[in-house]
Novice: 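Quick one: the structure is below, and I'll ask about it shortly.
Positions are given from 1, in the same order as the sequence printed here.
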Amino acid sequence: MNMLWLQSAGCGGCTMSLLCAEDPNVFDLLADAGIEVLWHPSVSVQTGDEVRRLLAAIEAGEQVLDVLCVEGSIVTGPKGTGRFHMLAGTGRSMLDWVRALAPLARDVVAVGTCAAYGGVTSAGGNPAGAVGLAYDGKLRGGALAEGFRARSGRPVINVAGCPTHPDWVTETLLLLAEDKLGEGDLDDLGRPRFYADHLVHHACPKNEFYEYKASARELSELGCMMEHLGCVGTQAHGDCNIRPWNGSGSCTRGGYPCINCTAPEFEEPRHPFTETPTVAGIPVGLPSDMPKAWFMALASLSKAATPKRIEANAHSDRIRVPPGGGRKP
């Protein structure tokens, strides 16, 4: 299986994340799986005429393209021409290249939330007209026509995340190499379900504090960050705390609230990321399958039953009271 990787409007963070793949590293993993990288702008040695000849060969049907990976949003401005972002040396916009190459690929993979839905590069007034491949925010239809299908018959596969986890990318590519990723393996937003069927809340190290609604009031405190600090891990799709970055890291493990970066329009929550909007004291963002009345009842009971150890530790940056209160058995 061969793969072409294009980097469009974005920071390149998903490539940086991918390079952190471990055991094996990304180069050994792809080689062992028989995945040939035709070109990647950050890691390939080809440049200039070599790349132009490769793109021309793909477009002419002389070079088969199995997987087209696109990182970064697609710029459509000005006035739908895409000429705010030209692919250097080709005289053509990235928008034009994506629309030309995508139908030729067996599968198309949007790497990261920018490529999937527009992401951070579409925030604000979006004067560049940045969109995702198959979505413009939550709306279907982005740089590619609504209802686009690759040669395999599959829609664009949205490996969303900001940045996306290296394992999400490599696992997607491995499944495609074995033709084991069907449309039923994608959720309603085109994300692979092997990670999107989980919540960031799953395996979060702050879950004991969440159960008792023992809440942190400031960043770096150990308590749950849902009530006051804007954490939406109970609604965010991703297995970030089940398979953390580099074996140990995630946003919540680092003491920062989950901002739901795998979702469309996460970049504009209409409130500061580290604040929880409330109505009558009730957080607006509750667990997706929990009625508000249930949450209030459970929260009241949980707070009343909070052990002193958990309450004390919730407002500290380290464990102050160990289990058992420090008493010797």
Novice: Given side chains that start at C-beta, do those of L19 and V43 come closer than 4.5 Å, heavy atoms only?
Specialist: yes
Novice: Nearest heavy-atom pair of N2 and D66: which atoms, and what distance?
Specialist: N-OD2, 2.8 Å
Novice: Could you check whether D185 pairs with R193 (Lys NZ or Arg NE/NH1/NH2 to Asp/Glu carboxylate O, under 4.0 Å)?
Specialist: no
Novice: May I ask whether V120 and V111 are part of the same hydrophobic cluster, defined by side-chain heavy atoms of I, L, V, M, F, W, Y residues being less than 4.5 angstrom apart, directly or through others?
Specialist: no
Novice: Stepwise, does the side chain to side chain donor-acceptor pair (under 3.5 Å) test hold for Q7 with T15?
Specialist: CA-CA 9 Å; Q7 284 182 319; T15 286; 3.1 Å; yes
Novice: Does D317 form a side chain to side chain donor-acceptor pair (under 3.5 Å) with S220? I'd like the steps, not just the answer.
Specialist: CA-CA 6 Å; D317 63 354; S220 83; 5.3 Å; no
Novice: Between CZ of R154 and CG of D179, what distance do you get to the nearest 0.5 Å?
Specialist: 5.0 Å
Novice: Taking only Lys NZ, Arg NE, NH1 and NH2, and the carboxylate oxygens of Asp or Glu, determine whether R149 and E183 approach each other closer than 4.0 Å.
Specialist: yes
Novice: Do you know the tightest heavy-atom contact between V159 and Y195?
Specialist: C-OH, 3.4 Å
Novice: Name all residues meeting the ring-ring contact (aromatic ring centres under 6.0 Å, His included) criterion together with Y135; count only those two or more places apart in sequence or in a different chain, and write none if there are none.
Specialist: Y117
Novice: Does N126 use its side chain to pair, donor to acceptor, with the backbone of G129 at less than 3.5 Å?
Specialist: yes
Novice: Does this structure show an ion pair linking E171 with R243, if we count only N-O contacts that are shorter than 4.0 Å?
Specialist: yes
Novice: Is any side-chain heavy atom of V232 closer than 4.5 Å to a side-chain heavy atom of M226?
Specialist: no
Novice: Would you say H237's side chain and A196's backbone share a donor-acceptor pair under 3.5 angstrom?
Specialist: yes
Novice: Which heavy atom of F266 sits nearest to which heavy atom of N260, and what is that distance?
Specialist: CB-O, 3.1 Å
Novice: State the NZ-CZ distance between K79 and F84, to the nearest 0.5 angstrom.
Specialist: 10.0 Å
Novice: Distance check, rounded to the nearest 0.5 Å: L95 atom CG versus S73 atom OG?
Specialist: 11.0 Å
Novice: Answer yes or no: is there a side-chain heavy-atom contact under 4.5 Å between W97 and I74?
Specialist: no
Novice: Could you pull out all residues at least two apart from R106 that satisfy salt bridge (charged side-chain N to carboxylate O under 4.0 Å, His left out)?
Specialist: none
Novice: Mind checking whether W245 and P166 have side chains closer than 4.5 Å, heavy atoms only?
Specialist: yes
Novice: Can you list the steps and then say if L199 with N241 is a side-chain contact (heavy atoms from CB on, under 4.5 Å)?
Specialist: CA-CA 9 Å; L199 293 174; N241 281 307; over 6 Å; no
Novice: If you measure from CG on L222 to CD1 on I310, what distance do you get to the nearest 0.5 Å?
Specialist: 11.5 Å
Novice: Given the rule that I, L, V, M, F, W and Y join up when any side-chain heavy atoms are under 4.5 Å apart, are V51 and M86 in one cluster?
Specialist: no
Novice: Is the backbone of A160 close enough, under 3.5 Å, to the side chain of N158 for a donor and an acceptor to pair up by distance?
Specialist: no
Novice: Is there a continuous path of hydrophobic side-chain contacts, each under 4.5 Å between heavy atoms, that joins L181 to V67?
Specialist: yes
Novice: Can you pull the salt bridge (charged side-chain N to carboxylate O under 4.0 Å, His left out) pairs that have at least one residue in residues 53-64, sequence neighbours excluded?
Specialist: E59-R92
Novice: Would I157 and M1 show up in the same hydrophobic cluster when neighbours are defined by side-chain heavy atoms closer than 4.5 Å?
Specialist: yes
Novice: Distance-only, no hydrogens or angles: does the R253 side chain make a donor-acceptor pair with backbone N or O of P205 under 3.5 Å?
Specialist: no
Novice: So, R309 and E208, do they make that salt bridge, N to O below 4.0 Å?
Specialist: yes
Novice: So, does S316 use its side chain to make a donor-acceptor pair with the main chain of A312 at under 3.5 Å?
Specialist: no
Novice: Apply the test side-chain contact (heavy atoms from CB on, under 4.5 Å) to residues M3 and E36: give CA-CA distance (whole Å), side-chain angles for both, the deciding distance (0.1 Å), then the verdict.
Specialist: CA-CA 6 Å; M3 175 188 72; E36 178 186 357; over 6 Å; no
Novice: What closest approach, in Å, do Q46 and S44 show between heavy atoms, and which atom pair accounts for it?
Specialist: OE1-CB, 3.2 Å
Novice: When rounded to the nearest 0.5 angstrom, what distance separates CG in L173 from CD in E178?
Specialist: 12.5 Å
Novice: Treating T276 as the side-chain partner and G230 as the backbone partner, does any N or O pair qualify as donor plus acceptor under 3.5 Å?
Specialist: yes
Novice: Okay, side chain of H198, backbone of H202: is any donor-acceptor separation there less than 3.5 Å?
Specialist: no
Novice: So do C240 and H165 actually touch side chain to side chain, heavy atoms under 4.5 Å?
Specialist: no
Novice: Could you go through L101 and L6, starting from their C-alpha distance and side-chain angles, then the distance that decides it, and tell me whether this counts as side-chain contact (heavy atoms from CB on, under 4.5 Å)?
Specialist: CA-CA 11 Å; L101 297 177; L6 298 178; 4.2 Å; yes
Novice: Do the side chains of L29 and L174 get nearer than 4.5 Å, heavy atoms only?
Specialist: yes
Novice: Is it true that atom NZ of K303 has more than 12 heavy atoms of other residues, nucleotides or ligands lying nearer than 6.0 Å?
Specialist: yes
Novice: Restricting to side chain to side chain donor-acceptor pair (under 3.5 Å), what partner residues turn up for W5, sequence neighbours left out?
Specialist: H40, E71
Novice: Heavy-atom distance under 4.5 Å between the side chains of T170 and D167, does that happen here?
Specialist: yes
Novice: Let's go through E311 and R320 carefully: what are the C-alpha distance in whole Å and the side-chain angles of both, what is the deciding distance for salt bridge (Lys or Arg N to Asp or Glu O under 4.0 Å) to 0.1 Å, and is it a yes or a no?
Specialist: CA-CA 10 Å; E311 179 63 25; R320 298 292 184 184; over 6 Å; no
Novice: How many angstroms lie between CZ in F273 and CG in L229, if you round to the nearest 0.5 Å?
Specialist: 14.5 Å
Novice: Mind checking what makes side-chain contact (heavy atoms from CB on, under 4.5 Å) contact with S300, not counting sequence neighbours?
Specialist: none
Novice: Just by modelled atom types, is the G13 backbone N or O under 3.5 Å from a matching donor or acceptor in the S17 side chain?
Specialist: no
Novice: Considering residues at least two apart in sequence or located in another chain, which fulfil the ring-ring contact (aromatic ring centres under 6.0 Å, His included) criterion with H201?
Specialist: Y210
Novice: Give a yes or no on whether the backbone of M225 and the side-chain of S215 come within a donor-acceptor separation of less than 3.5 Å.
Specialist: no
Novice: Would a 4.5 Å heavy-atom cut-off, applied to side chains only, mark L186 and R191 as touching?
Specialist: no
Novice: Does I242 offer a backbone N or O that forms a donor-acceptor pair with the side chain of D239 under 3.5 Å?
Specialist: no
Novice: Quick one: closest heavy-atom pair of K213 and S302, and the distance?
Specialist: CG-CB, 4.1 Å
Novice: For S122 and E267, work out which heavy atoms get closest and say how close.
Specialist: OG-OE2, 3.4 Å
Novice: In the single-linkage hydrophobic clustering (I, L, V, M, F, W, Y; side-chain heavy atoms under 4.5 Å), do V26 and L68 co-cluster?
Specialist: no
Novice: Give the C-alpha distance, both sets of side-chain angles, the deciding distance and a yes or no for side-chain contact (heavy atoms from CB on, under 4.5 Å) between L38 and Q63.
Specialist: CA-CA 10 Å; L38 295 176; Q63 167 66 63; 4.0 Å; yes
